[in-house]
Asker: 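Before I ask anything, here is the structure I am working with.
Just so you know, these numbers use all the heavy atoms, side chains as well, and skip hydrogens, waters and symmetry mates. First the proteins, then the strands, lettered A, B, ... as listed; each starts at 1. This one's a predicted model, so the numbers in the text were calculated from it and none came from an experiment.
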Amino acid sequence: MEFIAVFLPLLGALIAGLFGKVIGDKGSQFITCFLMVCAAAASLFLFKDVAMASNPRVLEIFTWISSGDLNVSWALRFDQIAVVMVFVVNIVSAVVHIYSVGYMSHDPAKAKFMAYLSLFTFAMLMLVTADNLVQLFFGWEGVGVASYLLIGFWNHKESANSAAIKAFVMNRIGDFGLALGIMVIFFAFGTLNFDEIFIRVEELKDLHLEFLGFDVHMITLACALLFVGAMGKSAQLGLHTWLPDAMEGPTPVSALIHAATMVTAGVFLVVRMSPLFEYAPSVLMFICILGALTALIAATIAVTQNDIKRVIAYSTMSQLGYMFFALGVSAYSAAMFHLFTHAFFKALLFLGAGSVIHAMSDEQDMRKMGGIYKLIPATYIMMWIGSLALAGVPFFAGYFSKDMVLEVAYADHTWFGMFAYWVGIFVAFLTAFYSFRLIFMAFHGKPRCDEKVMDHVHESPKIMLRPLYVLVIGAVTAGYSFKELFVGSDRGDFFGKSIFVLAENDTVAAAHHVPTWVAVLPAAVGIVGIILAWVFYIKCPKLPEKIANAFKWIYKFFLNKWYFDELYNRLVVKPLFCFGSLFWKIGDVKIIDGLGPNGVAKLSKKTADLTSKLQSGYVYHYAFVMLIGIVCFVSFYLFKFNG
Amino acid sequence: MTTVASGLEVSLAMSQIELDLNVVMPEILMAIFGMLLLVFGVIRGKNSLRLVSYGSAIAMVFVAYMVLNLPVEQENAFQGLFVNEWFSSFMKVLILMGSVISIFLSLNYLENNNMNRFEFPILILFSTLGMMIMLSANDLMTLYMGLELQSLPLYILAAFKRDNLKSSEAGIKYFVLGALSSGLLLYGISLIYGFTGTTSFETLSQTFASDENISIAVIVGLVFIISGLIFKISAVPFHMWTPDVYEGSPTATTAFFAIVPKIAAMGLIIRILFGAFADLIEQWQQIIVLVSILSMLVGAFAGIVQDNIKRLMAYSSIGHIGYALVGVAAGSIDGVRGVIIYLTIYMIMSAGVFAVILSMKKNDRMVENISDLSGISKSNPAMALLMTILMFSMAGIPPVAGFFGKLFIFQAAVESGLYTLAVIGVLTSVVAAFYYLRIIKVMYFDAFEDKFDKIQGKSLATIMTISGIFALCFIISPDILFSTASEAAQSLWAE
């Protein structure tokens with residue numbers, strides 16, 4: 001069963017990738033989708049078996065590297081958090097696979113696309129089921145590569161290529177941190193296996209290291225480095241600029257990678273390493289503050305964006321911020337819960353947006369939409385459901401998880417917890433506002449596109465709509481039905497040993513005793529946000545422009561994404577570029593090439609000519625060389641022996 | 001009474017012979033198979049190449065199976081003339097595999113180039129038998145016997161295309177120089193025997209362990225023995241025959257030369273240096289270090305200017321032997337393990353490369369220039385891809401198999417403090433990467449000329465594919481080979 005859930009996507013990728021031409025587009029679409037659905041079914045079963053029945057296990061496949069102290073195996077670790085991730089990844093991936101059949105129907109390279117999707121899914125599964133940090137790193141890099149391939153899938157577009165490169169480079173910075181973190185852990189713990197690390201945490205919790213005159217707490221250092229990796233993958237502030245640009249990829253890709261799965265890898269990493277992070281309170285504090293800031297900044301940007309996919313992309317970033325500040329207050333289960341519900345409604349929103357884009361003849365600008373709700377009712381309803389869940393309106397999935405995240409922040413009773421709570425409340429308001437801004441702008445009001453496009457507006461084919469029903473069910477019920485398991489009184493049984501929280505940090509338990517207003521406030525500001533959006537974009541559509549003009553400076557600041565890209569360009573890219581060309585023209589071409597490669601190459605050529613000239617072809621020359629050789633050896637020993 | 005006693009003695013002696021025979025059973029069977037096949041071939045006459053080849057292959061697979069079933073522990077036979085343990089079993093299986101591969105590589109080539117004679121596989125079989133005896137030698141006399149048994153068929157194989165000037169020349173050259181090296185070896189053996197009074201490895205190692213003052217003559221004898229053996233693995237300065245013989249011999253023979261005999265000779269060197277002369281490590285380490293450095297340098301630099309791919313492979317093999325010798329020079333159990341891993345990977349890679357070389361055929365003629373490969377990525381994309389993987393592996397670029405071979409060798413060298421050797425090894429492998437990468441460049445970026453003829457038969461394509469996949473997928477589970485090699489290396493030390 002475990003093998004079915006993990007290796008079928010790989011099989012699909014191999015078949016579609018290698019034999020795509022042989023079995024044709026239809027064949028590869030069918031095979032990848034079929035295998036993916038089987039994998040999803042298997043993960044459903046596993047979810048029941050492992051998580052519900054508390055039956056975690058590790059399946060050793062075989063030893064990979066065994067060298068000195070380093071013992072690394074290929075193994076599938078199916079504990080509770082892994083199985084939650086496998087469940088989410090496989091379900092969303094299956095939905096996206098089927099949806100892609102319809103969405104990519106006009107694309108010439110269907111088999112390749114399906115192969116990449118399946119490959120990505122496999123890499124993600126390797127990441128979440130890893131039993132050691134090396135295998136996790138393998139999956140981590142695997143999703144990086146697959147994401148690069150998928151973002152740049154339309155490689156005839158200049159912007160897609162640069163977005164793919166940007167995503168890759170930004171992630172590389174994070175990966176560097178992760179790799180260093182893994183090395184520090186190996187240095188400190190002498191093993192990379194999760195179980196062995198976690199066992200030794202208790203005895204090594206006070207390990208310090210003298211490094212360059214600094215006294216470094218090992219676990220803090222390791223956690224900080226791991227978190228850099230998590231920041232890159234999960235688009236946290238500082239390393240976030242790739243995520244909005246990644247929207248250049250086909251929309252199903254955005255739904256799968258940049259909403260439901262890959263970006264949550266960072267959250268997963270922190271949860272997986274919770275036994276370590278628990279002993280690094282300063283890192284947790286940093287995570288909490290950074291998460292809150294990410295949530296805030298992303299939300300403010302989302303309010304001003306006009307590209308339908310970018311709004312959702314920034315909302316993803318903002319929701320990831322929520323997850324991280326929950327992690328920062330040790331509420332790992334609350335973060336997992338939000339991750340779980342978020343995957344459903346965010347994938348739904350993305351795929352719904354894809355359906356809108358499909359209907360509008362590939363138009364993504366919301367200013368050119370409007371008035372289409374009657375023409376595409378099914379998509380419209382789904383977008384509503386997704387947005388209600390995202391806005392945290394009561395009894396939709398997002399309501400339960402977002403409430404929980406905010407309550408734990410409040411219940412932490414630290415200054416940064418409070419900070420996160422109030423920022424989170426404000427962001428909840430913004431979230432509701434921009435999600436309904438999206439709905440009202442895209443679907444309501446007067447049509448703002450030309451007639452040709454308007455005539456062509458049509459509901460998406462069934463193959464695109466049907467899979468969304470699965471997500472709709474998730475977006476509506478995932479919160480209510482899993483609340484008790486993830487964050488309620490059953491959470492101890494549900495997560496078992498896969499999450500470790502120090503007794504004094506147990507904010508999830510404390511969250512059940514917060515004042516009522518703390519719990520009610522998020523939903524209340526959410527509803528206020530929706531009403532405000534209605535006022536702004538339906539009731540008096542002039543208002544937004546007036547406000548934007550009145551606060552021109554702030555508006556521009558938000559619209560240009562807080563000038564992060566420009567800042568990086570000025571501070572990093574340009575100076576590096578200058579340095580680069582300086583070193584290239586003077587250092588490399590003149591000094592190194594002149595003396596180094598070219599000089600050495602000439603020398604090599606000469607040596608080579610000389611040695612081959614010795615090869616005369618005469619037997620007596622050869623015999624002579626042998627005898628000279630032996631004479632040299634013998635005389636060497638004679639001298640050595642006597643002297 | 002006397003009759004009873006002598007009866008008892010006879011039965012004891014009989015059971016001793018039975019025990020001895022058990023140890024050498026694979027070799028005996030191999031010899032019987034060889035002779036049977038020879039008789040069969042002679043009776044059947046022409047056109048029995050295919051049948052005899054299949055017969056030899058089956059015989060060797062069967063013998064390999066028998067070897068695997070021998071006990072892992074050390075076993076002596078015939079008063080210590082012959083020895084077998086897991087190390088020699090492993091090496092024997094390796095060379096048997098290599099010989100089977102060579103037979104399949106050569107079949108089509110022989111048929112198409114007027115060498116349709118059944119003696120070819122039988123010569124390979126007898127040569128392999130000699131190598132098996134070499135690997136089990138526990139006495140200088142056994143060693144010499146095995147060595148000659150493996151060499152004589154090789155001389156004939158080199159001159160197998162006897163109506164061809166180059167091939168006969170290769171055979172003669174190899175024979176003359178081989179005889180010279182045998183002379184050196186015998187002279188060394190006589191010196192050792194003269195000054196220690198024994199030819200048994202065990203007695204020799206006991207003598208050196210207890211005797212503080214080693215006579216200079218013994219060391220000179222050791223130098224001669226090592227020189228004689230180094231000739232067989234074509235390390236510098238006893239390498240001069242290699243490029244000429246590789247180029248002149250029929251390609252099928254070259255493939256066999258590249259794949260099998262060096263592995264056996266390397267195994268023998270390890271056995272003799274770590275067995276009989278283990279306590280003289282101070283003395284022999286310096287020769288091995290020097291030879292290793294020279295081989296790496298010559299292999300890397302002389303290969304650069306070659307145009308003929310068979311000649312290139314000759315230099316490549318000299319270089320690879322240099323790397324393997326680094327592991328021997330390390331003088332440790334890790335070093336031996338590294339050598340075993342290196343040779344195994346090298347054998348499989350070379351088999352793939354020669355499968356490619358043997359499929360280089362244009363308009364019914366074999367071609368062997370590197371430039372003939374130009375642009376084949378367009379006409380034979382699969383072959384070009386496999387060759388690329390193999391070239392990367394030969395160059396030792398991660399993550400393909402060849403990288404791991406080098407990694408373990410250098411690791412062992414560094415652990416034994418041989419930093420210079422490791423550094424030179426890394427540097428020369430950079431130089432050598434040039435000619436491997438050049439082949440890739442020629443295949444992918446040079447103008448497309450003529451298409452190759454369709455590859456005949458399935459064996460070449462199969463060997464190529466298996467070898468390429470092995471090189472590529474080795475990283476997934478390197479541990480299988482590592483642990484087996486560790487056990488093999490350990491069995492040499494176990495008393």
Asker: Is it the case that more than 12 heavy atoms not belonging to Phe175(B) sit under 6.0 Å from its CZ atom?
Answerer: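 Open.
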Asker: Which heavy atom of Pro237(B) sits nearest a heavy atom of Val625(A), and at what distance?
Answerer: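 Distance-wise, the nearest heavy atoms are O-CG1, 3.5 Å.
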Asker: For Tyr148(A), does the OH atom have more than 12 heavy-atom neighbours from other residues, nucleotides or ligands under 6.0 Å away?
Answerer: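 Not buried by this count: 12 neighbours or fewer within 6.0 Å.
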Asker: Among residues two or more places apart or on two chains, list those pairs meeting side-chain hydrogen bond (donor to acceptor under 3.5 Å, both in side chains) that have a residue in residues 219-234 of chain B.
Answerer: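 For residues 219-234 of chain B: Ser151(B)-Lys232(B), Ser234(B)-Lys262(B).
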Asker: Quick check on Phe186(A): does its CZ atom have over 12 non-hydrogen neighbours (other residues, nucleotides or ligands) under 6.0 Å away?
Answerer: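 Count over threshold, so yes.
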Asker: Taking all heavy atoms of Phe238(B) and all of Phe633(A), pick out the closest pair and write down the distance.
Answerer: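 Minimum heavy-atom separation between Phe238(B) and Phe633(A): CE1-CE1, 4.1 Å.
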Asker: Report yes or no: does Trp74(A) contribute a side-chain atom to a donor-acceptor pair with the main-chain N or O of Ser477(B) at less than 3.5 Å?
Answerer: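 Answer holds: no.
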Asker: Top residue by heavy-atom pair count (under 4.5 Å) with chain A, among Ile216(B), Val176(B), Leu180(B)?
Answerer: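 Ranked by heavy-atom pairs under 4.5 Å with chain A, first place is Ile216(B).
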Asker: Who pairs with Arg438(B) by salt bridge (charged side-chain N to carboxylate O under 4.0 Å, His left out), at least two apart in sequence or on another chain?
Answerer: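 Result, salt bridge (charged side-chain N to carboxylate O under 4.0 Å, His left out) vs Arg438(B): none returned.
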Asker: Select one option (side chain, backbone, both, neither) describing which atoms of Leu184(B) are under 4.5 Å from chain A's heavy atoms.
Answerer: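 Side chain only.
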Asker: Is it the side chain or the backbone of Tyr315(B) that comes within 4.5 Å of chain A heavy atoms, both, or neither?
Answerer: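 Only the side chain of Tyr315(B) comes within 4.5 Å of chain A.
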Asker: Where does Leu290(B) contact chain A at under 4.5 Å (heavy atoms): side chain, backbone, both or neither?
Answerer: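 Just its side chain gets close to chain A.
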Asker: Flag the one option from Val236(B), Ile214(B), Val298(B), Val305(B) with the top tally of heavy-atom pairs under 4.5 Å to chain A.
Answerer: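 Heavy-atom pairs under 4.5 Å are most numerous for Val305(B).
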Asker: Evaluate whether atom CZ of Phe7(A) has more than 12 neighbouring non-hydrogen atoms of other residues, nucleotides or ligands under 6.0 angstrom away.
Answerer: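 Correct, the count exceeds 12.
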Asker: Using every non-hydrogen atom in the two residues, find where Lys640(A) and Glu282(B) come nearest and quote the distance to one decimal.
Answerer: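 Taking every non-hydrogen atom into account, NZ-O, 4.1 Å.
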Asker: Can you tell which part of Ser486(B) gets under 4.5 Å to a heavy atom of chain A, answering side chain, backbone, both or neither?
Answerer: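 Contact with chain A involves no heavy atom of Ser486(B) at all.
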Asker: Highest number of heavy-atom pairs under 4.5 Å with chain A: which of Leu294(B), Ile304(B), Ile287(B)?
Answerer: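 That would be Ile287(B).
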Asker: Side chain, backbone, both or neither: which part of Val291(B) has a heavy atom under 4.5 Å from chain A?
Answerer: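 For Val291(B), side-chain heavy atoms alone lie under 4.5 Å from chain A.
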Asker: With a cut-off of 6.0 Å (strictly less than), are more than 12 heavy atoms of other residues, nucleotides or ligands near CZ of Phe176(A)?
Answerer: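 Open.
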Asker: Where on Gln306(B) is there a heavy atom nearer than 4.5 Å to chain A: the side chain, the backbone, both, or neither?
Answerer: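 Answer is side chain: those atoms of Gln306(B) sit under 4.5 Å from chain A.
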Asker: Drop me the distance from Tyr637(A)'s OH to Ile219(B)'s CD1, to the nearest 0.5 angstrom.
Answerer: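 Tyr637(A) atom OH to Ile219(B) atom CD1 measures 7.5 Å (nearest 0.5 Å).
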Asker: If you count heavy-atom pairs under 4.5 Å between each of Ile475(B), Ile480(B), Val431(B) and chain A, which one has the most?
Answerer: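 Ranked by contacts with chain A, first place is Ile475(B).
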